[in-house]
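To start, the structure under review is shown below, and the notes come after it.
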Amino acid sequence: MVNLNRSRTTVPPDKNSVIFLDKGLFLVEKGTTRMHADAELISSEFITALKELQKRFSLVIVEESGEQDTAAKASMNAILSRSGVDITTTLKDVEAQEGTNRAEVFPLAVIDQFSRSNSIPPERRYFLHTGLKLTCFSDERSVGTGSYLPEILTLSFHTYDDLISWILSHPQPYRNLRMALQRGGDILAHGGLVAFPTETVYGLGADATDPNAVKKIFSAKKRPFFDPLIVHVSDRAQMLPLVTELPEKASLLITQFWPGPLTVVLPKSALIPEIVTAGFPSVAIRMPSNPLALELIRLSGKPIAAPSANLFGCTSPTTARHVEEQLGGAYDAIIDGGGCTVGIESTVISFVEEIPRILRPGGIDRAAIEACIGKVVSGEQASPEDISQSPGMLPSHYATATPLRIVEDLTGYASRKDVGVLLFGTGSQVFSGPVEYLSLSSDTAEAAMRLYQAMRRLDSLSLSLIVVKLLPEDGIGLAVNNRLQKAAANLQ
Ligand code: TXA
Ligand code: MG
């Protein structure tokens, strides 16, 4: 049993790695999708996770000193005593400095102070906070000059299971990641394949200037050679020699949206081999914002060609496990950076015609693009022969093995045990089959982040059908619907 009035400030010597827990984790989490819609409190997965983690780590709740007995605390007490989780240490201390943003500074200051007084080195500290986010800390000397890795690195996860297995396989998270990136960079520089996380989806990378290396990507993915690859760079300067022209509008967009989920198609220079662009005279280029991706590219010293790391035509991966399931053994290394936060691919926009054309809707929506550079056209408006411009516009793509159907009304499927539902919002129905909540709070960005994970989970359940209603087309909703329509194309 836990006595939260006790305020121990040391950790047991046998568990000298600490997982700090944000008190917000214990709050009633209405509006998140990691629990059943009607559950009163945070999911049983959370409790299971705590039980699992307490075997190996000290769990320390980050609390504010002099705090009132809030609803959060009551709920936390109830959860802990019901579940038998033994939080070995609680913590109350430190006043934030005047003039600082208390909400931001507070937990990190507390963690730092507690860790110092308990001699917990940065490498042995983890901070688990809401939204399944995990912050890791570097030993200050470990971040080299020019590195894209921030001293405090926050990763996101889709499930507690993913989070736990990541923690267990990264006993010194920062050091482990740095070593993996160093090795990955070397492999890429020597013509090998490395799977890595970006903010959109995981990519399968190779040196874009080495045709033999790029060829391996196509065989690993069973991708036809007519489908060109996106080249990833770690800064704008690395892009310039790869293109022969940079129209002003492209330059404006890059300035505004890089690093981030935006890919620009521009006339290619001779440095880009034909295999990368499938013979097209233009090359697609993007600078991702995920610091692990940027650091990997930087360490390789090469522009990196990388399609999504899935078998051709199948659902894209948003965790390292997804990559392993489909492509395990087909690459030389994988960087596990947790779950992707945007969750669907970048927007691809071409500058080869007079008016810029969106070839694939994605992480940056059309309204944001038009606010920056004025009118653009989109692939959907193109005539059928224009499909040759971007094979990503092929009607069937991103597909699950289980047939997926877009419906206007889910009611007819409510009693079908063999039908899985991808649900946006809470819905008022009860379903007999499994339900994946894309976003209980009807947030299209959250739905995008969870889409592929949810599709894959339902796909693993041997169902006869997956049904889904299209999302409202605001923001990233249009891009989510585009993926759903392509995943459903075989059934329409
Ligand atoms: O978010 C993303 O863009 C992810 C991550 C890994 O960066 N990558 C990705 O790559 O989605 P991939 O290969 O799965 O999709 C690339 C899309 C395809 O639709 C392809 O046809 C189009 O970009 N594309 C690539 N090069 C092109 C070119 N030269 N002209 C027109 N379209 C091109
Ligand atoms: Mg793809």
Side-chain angles (χ1 to χ4, degrees), residues 194-206 208 214 217-218 220-234 242-243 257-269 272-290 292-294 296-297 303-318 322-323 326-327 335 337 340-353 356-364 379 382 386-399 448 452 476 479 482-483 486-487:
V194 178
F196 62 98
T198 80
E199 69 280 18
T200 58
V201 299
Y202 272 71
L204 182 64
V214 172
I217 295 179
F218 286 90
K221 276 187 62 107
K222 303 194 172 37
R223 179 172 174 123
F225 286 106
F226 64 72
D227 195 359
L229 306 177
I230 294 174
V231 175
H232 297 66
V233 293
S234 59
L242 309 178
V243 301
F257 296 111
W258 277 13
L262 178 87
T263 298
V264 290
V265 176
L266 297 166
K268 81 172 193 73
S269 79
I272 297 291
E274 297 239 311
I275 186 171
V276 171
T277 65
F280 288 107
S282 55
V283 60
I285 306 186
R286 131 170 152 90
M287 175 180 172
S289 63
N290 182 311
L292 303 181
L294 289 171
L296 179 71
I297 300 165
I304 300 300
S308 50
N310 51 277
L311 289 171
F312 182 69
C314 298
T315 313
S316 303
T318 55
H322 294 165
V323 179
Q326 280 191 1
L327 299 182
I335 311 290
C340 301
T341 51
V342 175
I344 59 172
E345 299 82 352
S346 61
T347 302
V348 180
I349 181 163
S350 166
F351 290 89
V352 300
E353 292 169 291
R357 178 184 293 275
I358 295 178
L359 298 176
R360 177 179 72 183
I364 306 285
D386 284 339
I387 280 178
S388 63
Q389 286 185 0
S390 188
M393 290 163 68
L394 289 169
S396 170
H397 219 75
Y398 315 109
Y452 291 141
I476 203 169
N482 164 275
R483 305 304 190 266
K486 292 191 175 191

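If you read the sequence from its start, that first residue is 1, and numbering goes on from there. Counting starts at 1 for both ligands and their atoms, following the listed order.
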Hey, is ligand 1 close enough to [X] that some N/O pair sits below 3.5 Å?
X	answer
Lys221	no
Arg223	yes
Thr198	no
His232	yes
Asp227	yes
Ser308	yes

- Item | Among Pro307, Ala293, Gly203, closest by any non-hydrogen atom to atom 10 (O) of ligand 1 |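 Shortest heavy-atom distance from atom 10 (O) of ligand 1: Pro307.
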
- Per atom 29 (N) of ligand 1, closest listed option by heavy atom (Ser282, Gly279, Pro267):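 Among Ser282, Gly279, Pro267, the closest heavy atom to atom 29 (N) of ligand 1 belongs to Ser282.
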
Over all heavy atoms of both residues, which pair between [X] and [Y] is shortest? Give the atoms and the distance, please.
X	Y	value
Tyr398	Thr315	O-OG1, 3.3 Å
Pro303	Val233	CB-CG1, 4.4 Å
Val265	Leu359	CG2-CD1, 4.3 Å
Ala208	Ala305	CB-N, 3.6 Å
Gly337	Tyr202	N-OH, 3.0 Å

- Query: Hey, mind stepping through Ile230 and Glu345 against side chain to side chain contact (heavy atoms under 4.5 Å, CB included) and telling me if it holds?
  - Reply: CA-CA 11 Å; Ile230 294 174; Glu345 299 82 352; over 6 Å; no

Mark up the atoms of ligand 1 that fall under 4.0 Å of a heavy atom belonging to [X], in ascending order.
X	value
Leu359	31 (C), 32 (N)
Val265	30 (N)
Glu345	1 (O), 2 (C), 11 (O)
Ala284	25 (C), 26 (N), 27 (C), 29 (N)
Ser346	1 (O), 2 (C), 3 (O)

- Message: Once you measure the plane-to-plane angle for Phe312 and His397, does it fall in the parallel (<30°), tilted (30-60°) or perpendicular (>60°) bin?
- Response: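 Ring orientation, 0 to 90° scale: perpendicular.
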
- Item | Per-residue contact class, Lys268 against ligand 1 - non-hydrogen pairs under 4.0 Å |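 It is neither; nothing of Lys268 touches ligand 1.
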
- Within less than 2.8 Å of the Mg ion (ligand 2), any N, O or S from Tyr398?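 No, since none of the N, O or S atoms of Tyr398 sits under 2.8 Å from the Mg ion (ligand 2).
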
- Task: List the steps and the verdict of side-chain hydrogen bond (donor to acceptor under 3.5 Å, both in side chains) for Arg483 and Ser316.
- Result: CA-CA 10 Å; Arg483 305 304 190 266; Ser316 303; over 6 Å; no

- Message: Checking Thr263 against Arg360 for the side-chain hydrogen bond (donor to acceptor under 3.5 Å, both in side chains) test, could you report, in this order, the C-alpha distance in whole Å, the side-chain angles of both residues, the deciding distance, and whether it holds?
- Response: CA-CA 9 Å; Thr263 298; Arg360 177 179 72 183; 5.1 Å; no

- Query: In this structure, which one of Val283, Val214, Leu229 forms a side chain to side chain contact (heavy atoms under 4.5 Å, CB included) with Ile272?
  - Reply: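 Among Val283, Val214, Leu229, the one that satisfies the side chain to side chain contact (heavy atoms under 4.5 Å, CB included) with Ile272 is Val283.
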
